[in-house]
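For reference, positions follow the sequence shown, starting with 1.
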Amino acid sequence: MQSLAARINEVTPTLANLKSLPPATEPVVVAVYKFRDQTGQYKPSENGSSFSTAVTQGATSILIKALDDSGYFSPIERENVSNLLNERKIIRSTRMQYGDPNTSEAQVLPPLLYAGILIEGGIVSYDANVLTGGVGARYFGAGANARYRQDRVTIYLRAISTSNGRVLKTVNTSRTILSQAVDGGMFRFVKFQRLLEAETGYSYNEPGEIAVRDAIEKAVHVLVVEGLVDGLWFTADTTGAAVRQVEGLLAEERQLAEEDVRGPYGQAPRASTQVGLFAQTTRYSGDFGQGRYEYGGGVAASRRLAPTYGIGLTAATGRLSTTDLEFQRNILSVGAHFDLRPVPDFKLVPLLRFGLGATVDVGAPGAQSVTTVVPHLYYGAGVEYQLGPKLELQALFGNHYHLTDRLDGERQGKFNDWILSGQVGLQLLFGTPTTTPTR
(Lines give C-alpha, C1' and ligand atoms only; values in the text may rest on other atoms or scores of the structure.)
Protein backbone atom coordinates (compact mmCIF):
# COMPACT_ATOMS: atom_id res chain seq x y z
CA MET A 1 0.00 0.00 0.00
CA GLN A 2 1.10 3.58 -0.66
CA SER A 3 -0.30 7.01 0.02
CA LEU A 4 -2.34 8.63 -2.73
CA ALA A 5 -2.24 12.18 -3.99
CA ALA A 6 -4.88 14.65 -2.84
CA ARG A 7 -8.09 14.54 -4.83
CA ILE A 8 -11.63 15.85 -4.91
CA ASN A 9 -14.01 14.06 -2.54
CA GLU A 10 -16.13 11.16 -3.75
CA VAL A 11 -19.50 12.05 -5.27
CA THR A 12 -22.39 10.32 -3.52
CA PRO A 13 -25.44 9.06 -5.47
CA THR A 14 -27.56 11.49 -3.44
CA LEU A 15 -25.52 14.45 -4.69
CA ALA A 16 -26.23 13.40 -8.27
CA ASN A 17 -29.98 13.43 -7.48
CA LEU A 18 -29.61 16.81 -5.77
CA LYS A 19 -27.93 18.37 -8.79
CA SER A 20 -30.53 16.86 -11.14
CA LEU A 21 -33.36 18.89 -9.56
CA PRO A 22 -35.25 21.07 -12.05
CA PRO A 23 -34.03 24.71 -12.08
CA ALA A 24 -35.48 27.13 -9.56
CA THR A 25 -37.33 30.28 -10.56
CA GLU A 26 -35.13 32.24 -8.14
CA PRO A 27 -32.83 30.91 -5.40
CA VAL A 28 -33.96 31.67 -1.85
CA VAL A 29 -31.45 33.43 0.39
CA VAL A 30 -30.88 31.23 3.45
CA ALA A 31 -28.69 31.47 6.53
CA VAL A 32 -27.12 28.64 8.54
CA TYR A 33 -25.72 29.71 11.92
CA LYS A 34 -24.78 26.32 13.29
CA PHE A 35 -25.64 22.77 12.27
CA ARG A 36 -24.46 21.01 15.40
CA ASP A 37 -23.57 17.52 16.55
CA GLN A 38 -26.33 16.99 19.11
CA THR A 39 -25.49 13.35 19.88
CA GLY A 40 -22.87 14.06 22.55
CA GLN A 41 -21.30 10.70 21.71
CA TYR A 42 -17.70 9.69 21.38
CA LYS A 43 -16.32 7.24 18.88
CA PRO A 44 -16.83 3.62 20.07
CA SER A 45 -13.61 1.89 21.05
CA GLU A 46 -12.81 -1.68 22.04
CA ASN A 47 -9.64 -0.68 23.89
CA GLY A 48 -10.88 1.84 26.43
CA SER A 49 -12.06 5.43 26.28
CA SER A 50 -11.85 7.52 23.13
CA PHE A 51 -12.04 11.30 23.07
CA SER A 52 -12.77 11.49 19.34
CA THR A 53 -16.37 12.37 18.55
CA ALA A 54 -18.54 9.81 16.81
CA VAL A 55 -19.49 12.17 13.97
CA THR A 56 -17.88 15.11 12.24
CA GLN A 57 -18.02 18.56 13.83
CA GLY A 58 -17.98 20.23 10.42
CA ALA A 59 -21.58 19.47 9.45
CA THR A 60 -22.31 23.20 8.91
CA SER A 61 -19.85 23.36 6.03
CA ILE A 62 -21.34 20.21 4.50
CA LEU A 63 -24.88 21.63 4.76
CA ILE A 64 -23.92 24.95 3.16
CA LYS A 65 -22.39 23.17 0.17
CA ALA A 66 -25.46 20.92 -0.21
CA LEU A 67 -27.78 23.96 -0.14
CA ASP A 68 -25.68 25.65 -2.81
CA ASP A 69 -25.52 22.49 -4.97
CA SER A 70 -29.30 22.21 -5.00
CA GLY A 71 -29.71 25.46 -6.95
CA TYR A 72 -32.75 26.42 -4.87
CA PHE A 73 -30.88 28.23 -2.11
CA SER A 74 -28.31 31.00 -1.94
CA PRO A 75 -26.46 30.54 1.38
CA ILE A 76 -24.98 33.56 3.15
CA GLU A 77 -22.23 33.53 5.78
CA ARG A 78 -23.51 33.41 9.33
CA GLU A 79 -21.45 30.77 11.13
CA ASN A 80 -18.51 33.17 11.48
CA VAL A 81 -20.38 36.41 10.92
CA SER A 82 -18.24 38.19 13.55
CA ASN A 83 -15.18 37.68 11.34
CA LEU A 84 -17.08 39.12 8.39
CA LEU A 85 -18.18 42.18 10.39
CA ASN A 86 -14.66 42.79 11.67
CA GLU A 87 -13.29 42.65 8.13
CA ARG A 88 -15.90 45.18 6.98
CA LYS A 89 -14.83 47.48 9.83
CA ILE A 90 -11.22 47.20 8.68
CA ILE A 91 -12.26 48.09 5.13
CA ARG A 92 -14.20 51.16 6.28
CA SER A 93 -11.37 52.29 8.56
CA THR A 94 -8.78 51.89 5.81
CA ARG A 95 -10.88 53.82 3.31
CA MET A 96 -11.45 56.63 5.77
CA GLN A 97 -7.72 56.97 6.49
CA TYR A 98 -6.24 56.39 3.07
CA GLY A 99 -9.10 56.90 0.64
CA ASP A 100 -9.90 60.00 -1.40
CA PRO A 101 -11.76 62.38 0.97
CA ASN A 102 -13.45 64.03 -1.99
CA THR A 103 -15.19 60.78 -3.00
CA SER A 104 -17.82 60.01 -0.39
CA GLU A 105 -19.15 57.02 -2.31
CA ALA A 106 -15.89 55.20 -1.77
CA GLN A 107 -16.51 55.14 1.97
CA VAL A 108 -19.80 53.23 1.70
CA LEU A 109 -19.86 49.44 1.60
CA PRO A 110 -22.81 47.65 -0.01
CA PRO A 111 -25.28 46.29 2.56
CA LEU A 112 -25.12 42.71 3.79
CA LEU A 113 -27.73 40.33 2.44
CA TYR A 114 -30.33 39.18 4.93
CA ALA A 115 -31.95 35.77 4.84
CA GLY A 116 -35.60 35.07 4.21
CA ILE A 117 -35.23 31.53 5.59
CA LEU A 118 -33.16 30.21 8.46
CA ILE A 119 -31.93 26.61 8.25
CA GLU A 120 -31.64 24.88 11.63
CA GLY A 121 -31.28 21.33 12.92
CA GLY A 122 -28.44 18.99 13.65
CA ILE A 123 -27.12 15.45 13.90
CA VAL A 124 -29.46 14.01 16.52
CA SER A 125 -28.38 10.38 16.78
CA TYR A 126 -25.44 8.07 16.25
CA ASP A 127 -26.26 4.41 17.00
CA ALA A 128 -23.39 1.94 17.05
CA ASN A 129 -23.75 -1.79 16.34
CA VAL A 130 -27.27 -1.58 14.96
CA LEU A 131 -26.55 -4.78 13.07
CA THR A 132 -23.60 -7.13 13.51
CA GLY A 133 -22.78 -10.54 12.15
CA GLY A 134 -20.19 -12.77 10.60
CA VAL A 135 -19.21 -16.23 9.48
CA GLY A 136 -16.10 -18.35 9.93
CA ALA A 137 -14.62 -21.81 10.06
CA ARG A 138 -11.48 -23.38 11.48
CA TYR A 139 -10.13 -26.89 11.01
CA PHE A 140 -6.87 -28.29 12.35
CA GLY A 141 -5.49 -24.86 13.14
CA ALA A 142 -6.33 -23.29 9.75
CA GLY A 143 -9.33 -21.10 9.12
CA ALA A 144 -10.83 -17.79 8.10
CA ASN A 145 -13.66 -15.56 9.19
CA ALA A 146 -15.54 -12.49 8.05
CA ARG A 147 -17.32 -9.94 10.28
CA TYR A 148 -19.44 -6.90 9.59
CA ARG A 149 -21.07 -4.12 11.58
CA GLN A 150 -23.55 -1.39 10.75
CA ASP A 151 -23.85 1.92 12.59
CA ARG A 152 -26.51 4.54 11.92
CA VAL A 153 -26.49 8.34 11.86
CA THR A 154 -29.71 10.41 11.85
CA ILE A 155 -30.18 14.11 11.13
CA TYR A 156 -33.07 16.58 11.33
CA LEU A 157 -33.35 19.68 9.17
CA ARG A 158 -35.92 22.48 9.37
CA ALA A 159 -36.62 25.68 7.43
CA ILE A 160 -37.80 28.69 9.48
CA SER A 161 -39.28 31.95 8.19
CA THR A 162 -37.24 34.90 9.48
CA SER A 163 -40.23 37.26 9.15
CA ASN A 164 -42.44 35.53 11.72
CA GLY A 165 -40.42 32.57 13.10
CA ARG A 166 -42.77 29.97 11.70
CA VAL A 167 -41.31 26.51 10.98
CA LEU A 168 -42.10 26.04 7.30
CA LYS A 169 -40.87 22.49 6.85
CA THR A 170 -39.06 19.77 8.87
CA VAL A 171 -37.41 16.70 7.36
CA ASN A 172 -35.29 13.88 8.75
CA THR A 173 -33.01 11.33 7.12
CA SER A 174 -30.69 8.54 8.24
CA ARG A 175 -27.72 6.71 6.79
CA THR A 176 -25.96 3.48 7.76
CA ILE A 177 -22.18 3.22 8.16
CA LEU A 178 -20.66 -0.12 7.19
CA SER A 179 -17.56 -1.70 8.72
CA GLN A 180 -16.30 -5.11 7.68
CA ALA A 181 -13.24 -7.28 8.20
CA VAL A 182 -11.95 -10.49 6.64
CA ASP A 183 -8.99 -12.41 8.03
CA GLY A 184 -7.52 -15.86 7.90
CA GLY A 185 -4.68 -17.73 9.44
CA MET A 186 -2.91 -21.00 10.08
CA PHE A 187 -1.46 -22.28 13.34
CA ARG A 188 -0.16 -25.83 13.31
CA PHE A 189 2.88 -28.04 13.77
CA VAL A 190 4.30 -29.05 10.39
CA LYS A 191 6.83 -31.37 11.99
CA PHE A 192 8.29 -32.10 15.42
CA GLN A 193 9.08 -28.82 17.22
CA ARG A 194 8.38 -26.84 14.04
CA LEU A 195 5.39 -24.54 14.32
CA LEU A 196 3.95 -22.72 11.29
CA GLU A 197 1.92 -19.57 11.97
CA ALA A 198 0.57 -17.32 9.21
CA GLU A 199 -2.07 -14.59 9.15
CA THR A 200 -3.61 -12.33 6.55
CA GLY A 201 -6.67 -10.12 6.24
CA TYR A 202 -8.08 -6.68 5.66
CA SER A 203 -10.74 -4.42 7.13
CA TYR A 204 -12.83 -1.58 5.71
CA ASN A 205 -14.47 1.16 7.77
CA GLU A 206 -16.69 3.50 5.78
CA PRO A 207 -15.75 7.10 6.60
CA GLY A 208 -18.29 8.73 8.89
CA GLU A 209 -17.97 12.00 6.98
CA ILE A 210 -19.32 10.37 3.83
CA ALA A 211 -22.32 9.03 5.72
CA VAL A 212 -23.09 12.43 7.28
CA ARG A 213 -22.65 14.15 3.91
CA ASP A 214 -24.95 11.66 2.21
CA ALA A 215 -27.63 12.09 4.90
CA ILE A 216 -27.45 15.90 4.71
CA GLU A 217 -27.66 15.90 0.92
CA LYS A 218 -30.67 13.61 1.13
CA ALA A 219 -32.32 15.95 3.65
CA VAL A 220 -31.79 18.96 1.37
CA HIS A 221 -33.18 17.00 -1.58
CA VAL A 222 -36.31 16.05 0.40
CA LEU A 223 -36.65 19.64 1.67
CA VAL A 224 -36.62 21.00 -1.89
CA VAL A 225 -39.13 18.48 -3.25
CA GLU A 226 -41.54 18.83 -0.33
CA GLY A 227 -41.17 22.62 -0.55
CA LEU A 228 -42.21 22.47 -4.21
CA VAL A 229 -45.32 20.51 -3.21
CA ASP A 230 -46.21 23.03 -0.48
CA GLY A 231 -45.46 26.08 -2.64
CA LEU A 232 -42.60 27.39 -0.50
CA TRP A 233 -40.48 27.91 -3.63
CA PHE A 234 -41.03 27.43 -7.33
CA THR A 235 -39.38 25.90 -10.35
CA ALA A 236 -38.87 27.27 -13.83
CA ASP A 237 -39.07 23.77 -15.31
CA THR A 238 -41.58 23.15 -18.10
CA THR A 239 -40.58 19.58 -19.00
CA GLY A 240 -42.27 17.76 -16.12
CA ALA A 241 -39.02 16.98 -14.28
CA ALA A 242 -40.41 18.47 -11.07
CA VAL A 243 -43.44 16.18 -11.26
CA ARG A 244 -41.17 13.15 -11.67
CA GLN A 245 -39.12 14.22 -8.65
CA VAL A 246 -42.27 14.49 -6.54
CA GLU A 247 -43.56 11.12 -7.75
CA GLY A 248 -40.21 9.51 -6.97
CA LEU A 249 -40.25 10.88 -3.42
CA LEU A 250 -43.84 9.70 -2.86
CA ALA A 251 -42.92 6.21 -4.11
CA GLU A 252 -39.96 6.11 -1.72
CA GLU A 253 -42.17 7.15 1.20
CA ARG A 254 -44.70 4.42 0.37
CA GLN A 255 -41.92 1.84 0.34
CA LEU A 256 -40.52 3.06 3.67
CA ALA A 257 -43.99 2.83 5.21
CA GLU A 258 -43.71 -0.96 4.84
CA GLU A 259 -40.30 -1.17 6.54
CA ASP A 260 -39.02 -0.61 10.05
CA VAL A 261 -35.76 0.55 11.55
CA ARG A 262 -34.01 -2.56 10.21
CA GLY A 263 -34.49 -1.34 6.66
CA PRO A 264 -33.96 -4.01 3.99
CA TYR A 265 -33.09 -6.58 6.65
CA GLY A 266 -36.53 -6.42 8.21
CA GLN A 267 -38.88 -9.00 6.72
CA ALA A 268 -42.57 -9.67 6.92
CA PRO A 269 -43.29 -12.51 9.37
CA ARG A 270 -42.90 -15.95 7.85
CA ALA A 271 -45.82 -18.27 7.26
CA SER A 272 -46.82 -20.38 10.23
CA THR A 273 -46.29 -23.85 8.67
CA GLN A 274 -43.03 -25.21 7.20
CA VAL A 275 -42.41 -28.52 5.43
CA GLY A 276 -39.10 -29.47 3.87
CA LEU A 277 -36.38 -31.92 2.91
CA PHE A 278 -32.79 -31.89 4.12
CA ALA A 279 -29.47 -33.59 3.53
CA GLN A 280 -27.59 -34.74 6.61
CA THR A 281 -24.13 -35.76 7.66
CA THR A 282 -23.55 -37.70 10.91
CA ARG A 283 -20.53 -38.71 12.98
CA TYR A 284 -20.73 -41.44 15.60
CA SER A 285 -18.98 -41.19 18.98
CA GLY A 286 -19.23 -44.20 21.23
CA ASP A 287 -17.46 -47.25 22.62
CA PHE A 288 -15.75 -48.29 19.38
CA GLY A 289 -13.06 -46.47 17.44
CA GLN A 290 -13.06 -43.02 15.89
CA GLY A 291 -16.28 -42.23 14.06
CA ARG A 292 -16.45 -41.57 10.34
CA TYR A 293 -18.63 -39.00 8.59
CA GLU A 294 -21.63 -40.62 6.93
CA TYR A 295 -24.46 -39.15 4.89
CA GLY A 296 -28.23 -39.38 4.79
CA GLY A 297 -31.37 -37.31 4.54
CA GLY A 298 -34.78 -36.71 5.99
CA VAL A 299 -37.98 -34.73 6.16
CA ALA A 300 -39.17 -32.13 8.66
CA ALA A 301 -42.36 -30.28 9.45
CA SER A 302 -42.79 -27.45 11.94
CA ARG A 303 -45.38 -24.98 13.12
CA ARG A 304 -44.77 -21.50 14.48
CA LEU A 305 -46.95 -20.94 17.50
CA ALA A 306 -45.59 -17.39 17.82
CA PRO A 307 -42.94 -15.38 15.97
CA THR A 308 -40.24 -16.48 18.42
CA TYR A 309 -41.07 -20.12 19.08
CA GLY A 310 -42.66 -23.20 17.54
CA ILE A 311 -42.79 -26.99 17.52
CA GLY A 312 -42.10 -29.66 14.92
CA LEU A 313 -41.33 -33.24 13.90
CA THR A 314 -38.28 -34.70 12.16
CA ALA A 315 -37.49 -38.07 10.59
CA ALA A 316 -34.12 -38.99 9.06
CA THR A 317 -32.18 -41.99 7.85
CA GLY A 318 -28.43 -42.53 7.70
CA ARG A 319 -25.49 -44.68 8.73
CA LEU A 320 -23.02 -44.87 11.62
CA SER A 321 -19.52 -46.27 11.23
CA THR A 322 -15.96 -46.02 12.46
CA THR A 323 -12.90 -45.29 10.37
CA ASP A 324 -11.74 -48.90 10.62
CA LEU A 325 -15.29 -50.12 9.72
CA GLU A 326 -15.31 -52.32 12.83
CA PHE A 327 -18.68 -50.78 13.65
CA GLN A 328 -21.34 -50.14 10.96
CA ARG A 329 -25.06 -49.58 11.44
CA ASN A 330 -28.02 -48.27 9.49
CA ILE A 331 -30.19 -46.01 11.62
CA LEU A 332 -33.53 -44.25 11.57
CA SER A 333 -33.96 -41.18 13.75
CA VAL A 334 -37.32 -39.64 14.67
CA GLY A 335 -38.15 -36.91 17.14
CA ALA A 336 -40.19 -33.92 18.22
CA HIS A 337 -38.53 -30.57 18.79
CA PHE A 338 -39.03 -27.08 20.17
CA ASP A 339 -37.64 -24.15 18.15
CA LEU A 340 -36.58 -20.79 19.53
CA ARG A 341 -35.91 -17.81 17.22
CA PRO A 342 -34.62 -14.84 19.27
CA VAL A 343 -34.98 -12.33 16.38
CA PRO A 344 -37.71 -13.75 14.14
CA ASP A 345 -38.36 -11.04 11.55
CA PHE A 346 -34.99 -10.75 9.85
CA LYS A 347 -34.06 -12.25 6.52
CA LEU A 348 -31.35 -14.25 8.31
CA VAL A 349 -32.75 -15.71 11.54
CA PRO A 350 -30.74 -17.52 14.26
CA LEU A 351 -32.36 -20.77 15.38
CA LEU A 352 -32.02 -22.79 18.60
CA ARG A 353 -33.56 -26.29 18.67
CA PHE A 354 -34.20 -28.67 21.54
CA GLY A 355 -35.95 -32.01 21.23
CA LEU A 356 -36.66 -35.52 22.39
CA GLY A 357 -36.66 -38.55 20.09
CA ALA A 358 -35.43 -42.05 19.40
CA THR A 359 -32.63 -43.55 17.35
CA VAL A 360 -33.58 -46.87 15.78
CA ASP A 361 -30.66 -49.22 14.99
CA VAL A 362 -31.97 -51.27 12.08
CA GLY A 363 -28.82 -53.40 11.82
CA ALA A 364 -25.53 -53.66 10.01
CA PRO A 365 -25.52 -53.39 6.20
CA GLY A 366 -26.19 -56.77 4.60
CA ALA A 367 -26.72 -58.55 7.93
CA GLN A 368 -29.67 -59.44 10.08
CA SER A 369 -29.79 -58.16 13.64
CA VAL A 370 -32.27 -57.27 16.32
CA THR A 371 -33.71 -53.79 16.00
CA THR A 372 -32.71 -51.55 18.91
CA VAL A 373 -34.55 -48.38 19.90
CA VAL A 374 -32.58 -45.90 22.01
CA PRO A 375 -34.12 -42.62 23.24
CA HIS A 376 -32.08 -39.46 22.81
CA LEU A 377 -32.02 -35.75 23.62
CA TYR A 378 -31.31 -33.33 20.81
CA TYR A 379 -29.87 -29.83 21.07
CA GLY A 380 -28.52 -27.71 18.26
CA ALA A 381 -28.18 -24.29 16.68
CA GLY A 382 -28.37 -22.94 13.16
CA VAL A 383 -29.84 -20.31 10.87
CA GLU A 384 -32.78 -19.83 8.53
CA TYR A 385 -32.38 -17.68 5.42
CA GLN A 386 -35.46 -16.53 3.54
CA LEU A 387 -34.98 -17.06 -0.20
CA GLY A 388 -38.49 -15.89 -1.08
CA PRO A 389 -41.98 -15.42 0.33
CA LYS A 390 -42.61 -19.19 0.29
CA LEU A 391 -39.12 -20.68 0.43
CA GLU A 392 -36.27 -20.65 2.91
CA LEU A 393 -32.92 -22.34 3.46
CA GLN A 394 -32.22 -23.94 6.84
CA ALA A 395 -28.88 -25.11 8.23
CA LEU A 396 -28.44 -26.80 11.62
CA PHE A 397 -25.59 -28.29 13.62
CA GLY A 398 -26.49 -30.38 16.67
CA ASN A 399 -25.94 -33.35 18.92
CA HIS A 400 -28.06 -36.45 19.66
CA TYR A 401 -27.15 -37.52 23.19
CA HIS A 402 -28.59 -40.93 23.99
CA LEU A 403 -30.16 -41.66 27.35
CA THR A 404 -28.61 -45.13 27.49
CA ASP A 405 -25.31 -46.62 26.32
CA ARG A 406 -26.93 -49.37 24.21
CA LEU A 407 -26.74 -47.83 20.72
CA ASP A 408 -23.56 -49.69 19.66
CA GLY A 409 -24.17 -52.75 21.88
CA GLU A 410 -21.26 -51.89 24.20
CA ARG A 411 -21.37 -50.25 27.62
CA GLN A 412 -18.03 -48.66 28.47
CA GLY A 413 -16.90 -45.36 29.93
CA LYS A 414 -18.94 -42.81 31.87
CA PHE A 415 -20.61 -41.19 28.84
CA ASN A 416 -23.41 -42.58 26.71
CA ASP A 417 -23.18 -42.87 22.93
CA TRP A 418 -23.87 -39.69 20.96
CA ILE A 419 -24.11 -38.57 17.34
CA LEU A 420 -23.05 -35.23 15.87
CA SER A 421 -25.14 -34.14 12.92
CA GLY A 422 -25.26 -31.34 10.39
CA GLN A 423 -28.28 -30.59 8.22
CA VAL A 424 -28.90 -28.36 5.21
CA GLY A 425 -32.31 -28.24 3.55
CA LEU A 426 -35.06 -26.30 1.85
CA GLN A 427 -38.44 -25.56 3.41
CA LEU A 428 -41.74 -24.59 1.83
CA LEU A 429 -43.77 -22.03 3.77
CA PHE A 430 -47.53 -21.78 3.76
CA GLY A 431 -50.33 -20.75 6.07
CA THR A 432 -51.16 -17.50 7.84
CA PRO A 433 -48.27 -15.54 9.45
CA THR A 434 -48.22 -15.56 13.23
CA THR A 435 -48.32 -11.75 13.47
CA THR A 436 -48.67 -8.66 11.32
CA PRO A 437 -45.66 -6.71 10.03
CA THR A 438 -44.33 -3.87 12.18
CA ARG A 439 -45.17 -0.45 10.72
Side-chain angles (χ1 to χ4, degrees), residues 8-37 55-81 112-124 153-163 166-175 207-253 255-256:
I8 300 173
N9 265 357
E10 299 83 356
V11 176
T12 65
T14 307
L15 180 60
N17 294 335
L18 191 63
K19 289 187 174 182
S20 67
L21 287 167
T25 302
E26 183 179 358
V28 179
V29 179
V30 296
V32 183
Y33 278 81
K34 190 70 175 177
F35 195 75
R36 299 183 300 274
D37 169 21
V55 294
T56 176
Q57 304 299 290
T60 307
S61 301
I62 297 174
L63 175 58
I64 290 174
K65 184 179 185 304
L67 292 169
D68 185 55
D69 288 338
S70 71
Y72 277 77
F73 304 105
S74 180
I76 56 177
E77 177 60 38
R78 286 295 183 267
E79 182 180 20
N80 296 306
V81 68
L112 287 175
L113 288 174
Y114 59 88
I117 289 180
L118 191 63
I119 302 294
E120 289 286 349
I123 305 170
V124 301
V153 61
T154 303
I155 72 163
Y156 273 71
L157 191 68
R158 62 183 182 271
I160 304 169
S161 171
T162 56
S163 62
R166 178 190 170 200
V167 177
L168 302 174
K169 179 63 64 177
T170 300
V171 299
N172 69 292
T173 57
S174 62
R175 169 67 149 76
E209 178 271 336
I210 292 181
V212 172
R213 175 155 52 97
D214 202 16
I216 290 176
E217 290 166 350
K218 182 65 175 179
V220 173
H221 180 266
V222 175
L223 182 66
V224 170
V225 176
E226 292 190 359
L228 289 173
V229 175
D230 295 344
L232 300 179
W233 34 79
F234 303 95
T235 176
D237 175 67
T238 58
T239 64
V243 176
R244 291 191 292 272
Q245 290 277 353
V246 172
E247 291 176 346
L249 179 61
L250 293 176
E252 183 178 353
E253 290 177 348
Q255 179 183 356
L256 291 175

Asker: Applying side-chain contact (heavy atoms from CB on, under 4.5 Å), can you list everything that pairs with Lys169, at least two apart in sequence or on another chain?
Answerer: Val171, Leu223, Glu226, Asp230, Leu232
Asker: For residues 238-247, which side-chain N or O atoms pair as donor and acceptor with protein atoms under 3.5 Å away, sequence neighbours left out?
Answerer:
unit_1	atom_1	unit_2	atom_2	d
Thr239	OG1	Asp237	OD1	2.6
Gln245	OE1	His221	NE2	3.0

Asker: Could you check whether any side-chain N or O of Thr56 sits under 3.5 Å from a backbone N or O of Glu209, counting only pairs where one atom can act as donor and the other as acceptor?
Answerer: no
Asker: Quick one, Leu118 with Arg78, criterion side chain to side chain contact (heavy atoms under 4.5 Å, CB included). Give me CA distance, side-chain angles, the key distance, then yes/no.
Answerer: CA-CA 10 Å; Leu118 191 63; Arg78 286 295 183 267; over 6 Å; no
Asker: Which pair of heavy atoms, one from Gly122 and one from Phe35, lies closest together, and at what distance?
Answerer: N-CE1, 3.3 Å
Asker: Kindly give the heavy-atom pair with the smallest separation between Leu113 and Ile76, and that separation in Å.
Answerer: O-CD1, 3.6 Å
Asker: Under the side chain to side chain donor-acceptor pair (under 3.5 Å) rule, collect the residues that match up with Ser174, sequence neighbours excluded.
Answerer: Arg152
Asker: Under the criterion side chain to side chain contact (heavy atoms under 4.5 Å, CB included), I'd like the reasoning laid out for Thr25 against Trp233: C-alpha separation, chi angles, the key distance, then a yes or no.
Answerer: CA-CA 8 Å; Thr25 302; Trp233 34 79; over 6 Å; no
Asker: Just jot down the salt bridge (charged side-chain N to carboxylate O under 4.0 Å, His left out) partners of Glu26, sequence neighbours excluded, or say none.
Answerer: none
Asker: Identify which one of Ile119, Val224, Ile216 satisfies the side-chain contact (heavy atoms from CB on, under 4.5 Å) criterion when paired with Leu67.
Answerer: Ile119
Asker: Quick check: does any side chain N or O of Thr235 sit under 3.5 Å from a backbone N or O of Ala24, one acting as donor and the other as acceptor?
Answerer: no
Asker: Residues two or more places apart in sequence or in another chain: which of them pass side-chain contact (heavy atoms from CB on, under 4.5 Å) with Asp68?
Answerer: Pro75
Asker: Roughly how far apart are Glu120 CD and Ile160 CD1, rounded to 0.5 Å?
Answerer: 5.0 Å
Asker: Considering all heavy atoms of both residues, which atom of Ala215 and which atom of Thr173 are nearest to each other, and what is their separation?
Answerer: O-OG1, 2.8 Å
Asker: Check residues 12-22 and write down every donor-acceptor pair under 3.5 Å in which the side-chain atom is one partner and the other belongs to a residue at least two apart or another chain.
Answerer:
unit_1	atom_1	unit_2	atom_2	d
Thr12	OG1	Leu15	N	3.2
Thr12	OG1	Glu217	OE1	2.6
Thr14	OG1	Asp214	OD1	2.5
Ser20	OG	Ala16	O	3.4
Ser20	OG	Asn17	O	2.8

Asker: I'd like to check Tyr72 versus Val220 (side-chain heavy atoms, cut-off strictly below 4.5 Å). Are they in contact?
Answerer: no
Asker: Taking the side chain as C-beta and beyond, is there a heavy-atom pair between Asn172 and Val124 under 4.5 Å?
Answerer: no
Asker: Is there a side chain to side chain contact (heavy atoms under 4.5 Å, CB included) between Arg175 and Ile210? Walk through the geometry before answering.
Answerer: CA-CA 10 Å; Arg175 169 67 149 76; Ile210 292 181; 4.1 Å; yes
Asker: Any chance you could measure Ile117, atom CD1, to Arg158, atom CZ, to the nearest 0.5 Å?
Answerer: 13.5 Å
Asker: Sub-3.5 Å donor-acceptor pair from the side chain of Glu79 to the main-chain atoms of Glu77, do we have one?
Answerer: no
